[in-house]
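First comes the structure, then the notes that go with it.
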Amino acid sequence: MKEMQTTYNPKLFEDKIYDEWMKKNCFHAEIDPQKVPFTIMMPPPNITGQLHMGHAMDETMQDTIARFKRMQGYSVLWQPGTDHASIATEVKIVDQMKAEGLSKEEVGREGFLERAWAWKDKYAGRIVEQLKKLGSSCDWSRLAFTMDERCSRAVREAFFRLYQKGLIYRGSRIINWCPGCKTALSDAEVEYSEDAGFFWYFRYPVEGSEEYITIATTRPETMLGDTAVAVHPDDARYRHLVGKTLLLPLTDRKIPVVADAYVDPAFGTGAVKITPAHDPNDFEVGLRCNLPVIRVMNDDGTMNELAGEFAGLDRYEARKRIVARMEELGLLVKIEPHSHNVGHCYRCHATVEPIVSKQWFVKMAPLAKPAIDAVVKNKTKFIPDRFAKIYYNWLENIRDWCISRQLWWGHRIPVWYCDDCGETICSRETPTVCPKCGGTHLTQDEDVLDTWFSSALWPFSTLGWPEETPEFKYFYPTDVLVTGYDIIPFWVMRMMFSGIEYTKKVPFRDVLIHGLVRDEQGRKMSKSLGNGIDPLQIIDAYGADSLRLSLLTGVAPGNDTRFTETKVEASRNFINKVWNASRFVLMNVGDEKIPPFGTCKLQPADRWIISHLMQTIREVTLAMQKYDLGIAADKLTDFVWNDFCDWYIELTKASLYGEDREKRQGALSVLLYVLDNILRLLHPFIPFVTEEIYSYLPGKKGLIITAEFPHYNAKLAYRREAAAFDEIIELIKAVRAMKVAVNCPPSRKVHLYLVTESKRLVNANRSSVQRLAGASEIDFLASTSDLNEKTVSGVASIGTVLVPLGELVDIEAERKRLNKELERIEGEIARAGSKLANNNFVMKAPKKLVEDERAKLDKFLDMKTKLHQQIKDLD
RNA sequence: GGGGGCAUAGCUCAGUUGGUUAGAGCGCACGCUUCACAUGCGUGAGGUCACAGGUUCGAGCCCUGUUGUCCCCACCA
């Protein structure tokens, strides 16, 4: 048989194993009517760069679930893909061109798109490679891209349907304009941050009077677009001015004083300049008061020709000059520092300008309602469910979705305008004739769609929708979506209302939400901070399995987690443990023919480990079904390390190195059985190393990836036997502790004397106890006083254990130690006693609990008696 | 202004429907060349579960309030 390397070295096999999985087509999702489908849609990573730690966690969770379900016999589709990330990618390409001294305009739309596709080819491929390094078991034969033919068709279809229903419209509204990217943004794409700014107080003269109205503004440059000043209708200070006309300084325009309840009389001066073209609230006031809309800024953030003498200036330069001019005119009253929330572009971080602009919108109210209902009615469940509140919060307060972007990289809006009659034509296919006038000069809308418009269709566009493909029928709706909470408003919400609208079904049954991966100090990992850690570097140093495990353990669903290399090390150490335990078993098996599990006589220790294995299988399966991956991983590491390695393997050594061939074979048979189960339980978490070790197991034909996940078998639960055996473990621990207490070297063999009623149990495990407790011999005594030697003693559930240690025994120290132990036991007695003395507890608590408490009390009382005896014996 | 998270060992965090003596990893102390593993083994120390009430036979967990801290949304020009 093959020899395993002495230490775990993932570099030697991870790539090799991934190749083998690929070669054997292990990730392919079959449409199999005999099987139940299980579908996960991978959130498509942007093609803008490379995977970060957040992706690594997201993908690991999905892969772990996919592998688990696959092993459970589901037909698993884990659909991979990448996102064109319209704005983000375009920003990158523009930067790249800038470095070459080129601009978008110079290369033109065609030339630009050529570059974009080249970019896509390069980076999408890179991301796929990174996903493979992690061990992702997605179906690569179905790799999708949000701008491939299939997805593009779905986008046109979706747009067309909404347009037909009147849910898509074009209009001039206040939108968020990014002067950096020169495009409109949706509300979700604006990030607010508290910026230090100022309040400038300006005086606007009242026409035909000596009076002024003083207003305060944070954006003086917008005053050139003012079309009114508003006051509260009930504000006595200004009532006489309502309806009067103001002379707007720096312009020759006259603007009215209007009354509107939007104004808060207590804030500022109680008078507000109204700039409908540059402020959402002002826009609303403008509509109510029928005010003109005067836009004074260009798309690039400079002032336009309506700004008079300030035309052509950058908005901030214009601001400075306007303030200076107002001061010259004696109209500047004062400047106050004022910090306020300012919106920034989520991609280029430029300050966003609210601007009136003609854009395409999706009417949200009719779409939001069913999306809310679906979660209320539990058709889709958030895990943890508190995230449903965030989801509701967004949908309940949602405004119409601005979907047009003044970009080139993306899905072009499927709308054409007739050059002859001006007709607007929305069509699935490129039209050639105007249906209204028959004209043939049609021009397509220049804009592209918000990236998220195509992402919203991902769960079904990838399956061939709008066609009723076999894939769509079999794999849709999907089972679980795994994603971070930060993406709920961008994506989850939009997939929900899109899925319901187009397919009449919720796109996924469960939404498993995870938190952010932060750095060691709890900061968000970000490029600007330079604190990001590259998952590939970690994989290079520790292996993909270690990274995966470290990202899943100690993490509660939905909570943020800190990434530390120490944690990866801990995972690596555990995997090394698995490696060496396996090596131990396989070395001992050697070329021997081991009888199959179930044909050998079981020793108490065997039943004990099998019992714990069954318990573990049950708990892990349950946790996995609830997507409690961290809990499942914890239970597994605990079982493997503590129960299997530290106890069971050590316990079997007596049999393995003993004379009795039957016992040796029996032990090996159980060792192999438990190891095989352990590997299969661990495989979803640490797929590479388990596959590698599995290949060394004798008599294995297939791969572990296609093996069955272990099943709980009630017949192998052995609960009573396992509990009894716990007393042996307790005994061994007691002896070890006694030796440490008196500074007896662990290697020094001691003679054990036991006063116990469980002689049979001890005899059955005699050699194991001797080995693990470091005992030369074990003898039974009828009473503790039968031994006339200086001893160290311990009291355990199984009875009293005496160890003659001659000169090592310090009577006083021993007395102290026993008294301390006595104190602890008395504490327990008091606790259990008072509980049982409480009539309400005895009557109302479950019977089992009361019985257990009684048994405990009896046990402690017995131990107390024995301890008293031991202390007395010291004299 | 609205909503939410978190507060448990020195550090980072688990704690599954309320029920054994509240756990893990790391760190710390002492001891170990025990023939799978020092990426290891053994034994320990370390917690008034933020605070104050309440519900309950029983609260780290449920309810109310307080404090601290972080996040999301909205936003007064």
Side-chain angles (χ1 to χ4, degrees), chain A residues 4 6-8 187 192 199 215-219 222 230 262-264 266-275 279 281-282 285 338 340-341 386-387 389-390 392-394 397 485-486 488-489 515-516 520 522 542 546 550 553-556 558-562 564 566-567 569-588 619 622-623 626 628 630-631 634-635 637-638 645-646 649-650 653 657 733 736-741 743-747 771-772 774 824 827-828 831-832 835 838-846 848-850 852-853 855-856 860:
Chain A
M4 285 176 76
T6 49
T7 46
Y8 161 61
D187 293 338
Y192 289 88
F199 250 145
I215 55 92
T217 179
T218 55
R219 295 187 297 156
T222 62
Y262 149 73
V263 181
D264 175 1
F267 188 81
T269 63
V272 187
K273 66 193 263 315
I274 299 298
T275 323
D279 182 279
N281 291 311
D282 293 5
V285 175
H338 175 72
H340 58 147
N341 264 338
R386 66 180 131 94
F387 290 101
K389 286 182 198 162
I390 294 178
Y392 294 142
N393 201 278
W394 266 95
N397 299 301
Y485 59 71
D486 52 331
I488 291 172
L516 267 38
E520 204 144 350
Y542 298 93
S546 300
S550 71
T553 45
V555 182
N559 282 7
D560 290 354
T561 180
R562 294 182 196 210
T564 64
T566 315
K567 229 161 128 184
E569 253 171 59
S571 297
R572 191 267 321 267
N573 293 353
F574 169 70
I575 295 169
N576 183 60
K577 191 75 182 172
V578 173
W579 181 268
N580 273 292
S582 307
R583 200 160 68 88
F584 172 82
V585 174
L586 293 170
M587 273 170 53
N588 279 287
E619 289 174 350
L622 213 72
K626 291 194 287 185
D628 271 332
I631 289 177
D634 277 351
K635 300 253 184 219
T637 47
D638 180 56
C645 295
D646 288 348
I649 283 186
E650 295 306 323
K653 283 179 179 173
Y657 305 142
K733 287 186 142 203
R736 284 172 177 171
M738 282 156 60
K739 285 167 98 174
V740 168
N743 282 321
C744 168
S747 52
R771 197 180 172 88
L772 300 193
R824 189 182 71 87
E828 291 303 328
R831 192 195 49 77
K835 219 168 177 179
N838 183 341
N839 240 335
N840 279 322
F841 172 73
V842 177
M843 279 164 60
K844 291 187 185 171
K848 169 94 171 61
L849 212 68
V850 179
D852 286 354
E853 204 60 47
K856 238 183 303 177
F860 288 130

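Throughout, a chain's letter reflects where its sequence line sits, starting with A, and its residues are numbered from 1. Not measured: the values here are computed from a predicted model.
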When all nucleic acid strands are considered with a 4.0 Å heavy-atom cut-off, which category describes [X]: base, sugar-phosphate, or nothing?
X      : answer
A:A570 : sugar-phosphate
A:E650 : base
A:A737 : sugar-phosphate
A:I390 : nothing
A:K567 : nothing
A:N559 : sugar-phosphate
A:I215 : nothing
A:N838 : sugar-phosphate
A:D646 : sugar-phosphate
A:Y392 : nothing

Considering every strand shown, what is the Watson-Crick or G-U wobble mate of [N] when both distances are under 3.5 Å?
N     : value
B:U56 : none
B:A38 : none
B:G44 : B:C28
B:A22 : none
B:U66 : B:A50

Report the C-alpha distance between A:T222 and A:K273 in whole Å, list the side-chain angles of each, state the deciding distance to 0.1 Å, and finish with yes or no for side chain to side chain donor-acceptor pair (under 3.5 Å).
-> CA-CA 9 Å; A:T222 62; A:K273 66 193 263 315; 2.7 Å; yes

Looking only at B:G5, B:U12, B:A77, the nucleotide nearest the A:R386 side chain is B:G5

Considering only side-chain heavy atoms of A:K577, which listed nucleotide, B:C41, B:C35, B:U39, is closest?
-> B:C41

Does A:R572 reach the side chain of A:Y8, with side-chain heavy atoms less than 4.5 Å apart?
-> yes

Give me the distance, rounded to whole Å, that separates [N] from [M] when you measure between the [atom1] atoms they each carry.
N     : M     : atom1 : answer
B:A50 : B:U34 : C1'   : 46 Å
B:C70 : B:G10 : P     : 22 Å
B:C61 : B:C6  : P     : 13 Å
B:U16 : B:G53 : C1'   : 28 Å
B:A59 : B:U20 : C1'   : 16 Å
B:U56 : B:C71 : P     : 40 Å
B:A7  : B:C62 : P     : 11 Å
B:G60 : B:G18 : C1'   : 10 Å

Round to a whole Å and report the spacing from CG of A:L772 to C1' of B:U43.
-> 15 Å

RNA chain B: 5'-proximal contact among A:F267 and A:T566 (nearest heavy atom) = A:T566

Residue pair A:W394/A:A832 against RNA chain B: nearer the 5' end by closest nucleotide is A:A832

Can you find a side chain N or O atom of [X] that sits less than 4.0 Å from OP1 or OP2 on [N]?
X      : N     : answer
A:K389 : B:C73 : no
A:Y657 : B:A36 : yes
A:R771 : B:U34 : no

With no angle test and no hydrogens, is the base of B:U39 tied to the side chain of A:R572 by a donor-acceptor pair under 3.5 Å?
-> yes

Cut-off 3.5 Å, side chains only: do A:Y485 and A:D560 have a donor facing an acceptor?
-> yes

